[in-house]
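Below is one structure, written out as structure tokens; the observations come after it.
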Amino acid sequence: ENSNVKAIIPVHYAGLPCDMVRIRESAEKNKALVIEDAAHALGGRYEDGGRIGNCKHSSMTTFSFHPVKAIAAGEGGLITTNDPVLYKRLLRLRSHGINKLNDSFVITEQAFTNNMPNPWYYEMLELGFNYRMTDIQSALACSQLKKLDKFIMRRKQLVENYDLAFTDLENCKPAQTVSKTKSGNHLYVLRIAFKALGMSRAVFMGKLRENGIGSQVHYIPVPAQPYYRSMGFDPSQFPSAQDFYSEALSIPLYYDLSDGQQEHVIQTIKKLVS
């Protein structure tokens with residue numbers, strides 16, 4: 001037990017669900033909240049088949065509608081929770097500390113005239129933010145959510161093709177090999193032994209770019225960032241994160257990726273790692 005732990009925030013990296021049962025049990029021992037970071041995992045499912053975001057084992061789950069995510073909404077996000085107290089607080093925090101939907105009025109002499117609510121009246125109950133999505137983005141997100149299962153199915157097909165192509169290579173392998181059928185499949189990450197290839201990652205990415213293929217690294221470990229180094233963190237204290245970072249490379253994965261385009265990606269990478 002660790003009384004200093006106030007919250008545990010598991011990240012469903014690349015869309016793959018974490019073991020939420022074990023995480024919840026650990027949180028309960030430490031009397032900590034669980035907040036799921038599901039920015040990558042919209043449309044994914046837990047091991048029991050439930051949708052990621054049902055908050056069966058957490059206080060809340062956060063999602064992202066950034067342009068590269070599973071649905072197109074431009075920007076913004078979503079938080080799910082089963083806790084009515086948290087729900088009301090989230091409504092306030094997103095809009096300057098004001099909830100016009102169902103908060104009770106505190107200063108009743110200003111809120112009512114002749115026992116009738118004043119139609120213009122509202123109350124700021126705490127310091128909040130301006131975190132509202134625009135109406136246009138919200139409408140687009142609602143429309144896109146109806147297509148989510150179709151989007152996830154295509155991503156799953158693409159991931160299966162990649163797995164089949166890369167599983168048995170010597171210097172290149174999929175970063176995630178378990179529970180892939182439950183994943184939201186936001187990213188497809190390879191672990192490439194750049195040292196064994198005698199080629200730096202920068203050069204490798206350049207050769208992909210020469211062949212019309214974009215790639216990215218997700219992500220630089222948090223302790224390596226200057227802000228956290230200034231707080232005393234040392235990346236060498238997290239060898240697993242460093243090892244993963246040194247080999248990770250994300251390759252194209254999106255709904256509109258055609259079979260022909262994916263085959264071009266596969267064959268180009270195979271030539272580079274052979």
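Numbers for residues simply follow the sequence, beginning at 1.
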For this session: Scan residues 130-184 for pairs that pass ring pair (Phe, Tyr, Trp, His ring centres under 6.0 Å), counting only residues two or more places apart or in two chains.
Result: Phe129-Tyr131, Phe151-Tyr255, Tyr162-Phe166, Tyr162-Tyr188
Exercise. Do other residues, nucleotides or ligands put more than 12 heavy atoms under 6.0 Å from Asp135 CG?
Worked result: no
Exercise. Heavy-atom distance under 4.5 Å between the side chains of Asp243 and Arg191, does that happen here?
Worked result: yes
For this session: Rounded to the nearest 0.5 Å, what's the gap from CZ on Arg51 to NZ on Lys182? Could you check?
Result: 11.0 Å
Problem set entry | Flag, side chain of His66 to backbone of Val68, donor-acceptor distance under 3.5 Å | yes
Exercise. Does the side chain of Tyr87 come within less than 4.5 Å of Asn82's, by heavy atoms?
Worked result: no
Exercise. How close do Ala41 and His12 get, heavy atom to heavy atom, and via which atoms?
Worked result: CB-CB, 3.7 Å
Problem set entry | Point-to-point distance, once rounded to the nearest 0.5 Å, from OG of Ser230 to CD of Gln225 | 11.0 Å
Exercise. Side-chain contact, heavy-atom cut-off 4.5 Å: Val21 with His57?
Worked result: yes
Exercise. For the hydrophobic clusters of this structure (ILVMFWY residues joined by side-chain heavy atoms under 4.5 Å, transitively), does one cluster hold both Leu145 and Leu78?
Worked result: yes
Problem set entry | Linked, directly or transitively: Leu127 and Tyr122 (ILVMFWY side chains, under 4.5 Å) | yes
For this session: Ignoring hydrogens and angles, tell me if any N or O in the side chain of Gln144 forms a donor-acceptor pair with the backbone of Ala72 under 3.5 Å.
Result: yes
Exercise. Is it the case that one hydrophobic cluster holds both Ile152 and Tyr46, taking links as side-chain heavy atoms less than 4.5 Å apart, direct or via other members?
Worked result: yes
Problem set entry | N/O donor-acceptor pair under 3.5 Å between Thr80 side chain and Asn54 backbone | no
Identify each donor-acceptor pair in which a side-chain atom of residues 213-224 lies under 3.5 Å from a protein atom, sequence neighbours left out, and give them as a table.
from	atom 1	to	atom 2	distance (Å)
His218	ND1	Ser250	OG	2.7
Tyr219	OH	His40	NE2	2.9

Exercise. Near Tyr228 OH, under 6.0 Å, is it more than 12 heavy atoms from other residues, nucleotides or ligands?
Worked result: no
For this session: Calculate, to the nearest 0.5 Å, the distance between atoms CE and CZ belonging to Met124 and Arg92 respectively.
Result: 11.5 Å
Exercise. Can you name the nearest heavy-atom pair linking Arg229 to Pro235, along with the distance?
Worked result: NH2-CG, 3.4 Å
For this session: Measure the CG-CZ distance between Leu249 and Phe204 for me, rounded to the nearest 0.5 Å.
Result: 6.5 Å
Exercise. Do Gln176 and Ser183 have side-chain atoms, one donor and one acceptor, less than 3.5 Å apart?
Worked result: no
Exercise. What do you reckon, is CZ of Arg89 surrounded by more than 12 foreign heavy atoms closer than 6.0 Å?
Worked result: no
Exercise. At what distance, to the nearest 0.5 angstrom, does CD of Glu75 lie from OG1 of Thr134?
Worked result: 10.5 Å
Problem set entry | Atom pair CG/CG of Leu101 and Asp103 - distance to nearest 0.5 Å | 8.5 Å
Exercise. Which pair of heavy atoms, one from Ser58 and one from Met20, lies closest together, and at what distance?
Worked result: CB-CE, 4.4 Å
Problem set entry | Whether over 12 other heavy atoms sit under 6.0 Å from Arg132 CZ | yes
Exercise. If you look at every heavy atom in Cys172 and Ile192, which pair is closest and at what distance?
Worked result: SG-CG1, 4.0 Å
Exercise. Any sub-3.5 Å donor-acceptor pair from Thr108's side-chain atoms to Ala111's backbone N or O?
Worked result: no
For this session: Decide whether Leu16 and Val159 are clustered together by the hydrophobic rule: side chain heavy atoms of Ile, Leu, Val, Met, Phe, Trp, Tyr closer than 4.5 Å, transitively.
Result: no
Exercise. Minimum heavy-atom separation for Phe244 to Ala175, with atom names?
Worked result: CE1-CB, 3.9 Å
Exercise. Looking only at atom types and distance, does a side-chain atom of Glu36 sit under 3.5 Å from a main-chain N or O of Met60, one as donor and one as acceptor?
Worked result: no
Exercise. Would you call Met199 and Lys207 a side-chain contact if the rule is heavy atoms closer than 4.5 Å?
Worked result: yes
Problem set entry | Flag side-chain contact, heavy atom, 4.5 Å: Leu42 against Phe65 | yes
Exercise. Is a side-chain donor or acceptor of Lys88 paired with a backbone partner of Asn102 at a separation under 3.5 angstrom?
Worked result: yes
Exercise. With side chains defined as the heavy atoms from C-beta onward, is the minimum distance between Thr113 and Met116 less than 4.5 Å?
Worked result: no
For this session: Apply side chain to side chain contact (heavy atoms under 4.5 Å, CB included) to Ala139 and list each qualifying residue two or more places apart in sequence or on a separate chain.
Result: none
Seminar exercise, completed: Contacts of Lys180 meeting salt bridge (charged side-chain N to carboxylate O under 4.0 Å, His left out) (sequence neighbours excluded), chain-then-number -> Asp163
Exercise. Do you know the tightest heavy-atom contact between Leu158 and Leu257?
Worked result: CD2-O, 3.9 Å
Problem set entry | Full working for side chain to side chain contact (heavy atoms under 4.5 Å, CB included) between Phe105 and Phe112 | CA-CA 9 Å; Phe105 293 127; Phe112 296 89; 4.0 Å; yes
Problem set entry | Asp259/Arg154 salt bridge by N-O under 4.0 Å criterion | yes
Exercise. So, Ser236 and Asp234: side-chain donor and acceptor under 3.5 Å apart, yes or no?
Worked result: yes
For this session: Using a strict cut-off of less than 4.0 Å between a Lys/Arg side-chain nitrogen and an Asp/Glu carboxylate oxygen, indicate whether Arg24 and Glu28 qualify as a salt bridge.
Result: yes
For this session: Flag the pair Lys56 and Asp48 as a salt bridge only when some basic side-chain nitrogen lies within less than 4.0 angstrom of an acidic carboxylate oxygen.
Result: yes
Exercise. Under 6.0 Å from the CD atom of Glu109, do we count more than 12 heavy atoms belonging to anything else shown?
Worked result: yes
For this session: State whether the side chain of Arg155 and the backbone N or O of His186 hold a donor-acceptor pair below 3.5 Å, judged by distance alone.
Result: yes
For this session: List for me each residue that meets side chain to side chain donor-acceptor pair (under 3.5 Å) alongside Ser258, sequence neighbours excluded, and say none if there are none.
Result: Gln261
Exercise. Is there a donor-acceptor pair closer than 3.5 Å between any side-chain N or O of Asn30 and the backbone N or O of Lys6?
Worked result: no
For this session: Could you tell me whether a side-chain N or O of Thr81 sits under 3.5 Å from a main-chain N or O of Cys55, the two making a donor and an acceptor?
Result: no
Exercise. Does Leu190 share a hydrophobic cluster with Leu197, counting links as ILVMFWY side-chain heavy atoms below 4.5 Å and allowing steps through other members?
Worked result: yes
Seminar exercise, completed: Between Cys18 and the options Ile52, Val34, Ile23, Asp37, the side chain to side chain contact (heavy atoms under 4.5 Å, CB included) test singles out Ile23
Problem set entry | Glu123 side chain near Val106 side chain, heavy-atom distance below 4.5 Å | yes
Show me the side-chain donor-acceptor pairs of residues 266-274 shorter than 3.5 Å, one per line, residues at least two apart or across chains.
from	atom 1	to	atom 2	distance (Å)
Gln267	NE2	Glu263	OE2	2.7
Thr268	OG1	His264	O	2.7
Ser274	OG	Lys270	O	3.2
Ser274	OG	Lys271	O	3.0

Problem set entry | Leu148 side chain reached by Ile71 side chain, heavy atoms, under 4.5 Å | yes
Exercise. What orientation do Phe233 and Phe238 show, parallel under 30°, tilted 30 to 60°, or perpendicular over 60°?
Worked result: tilted
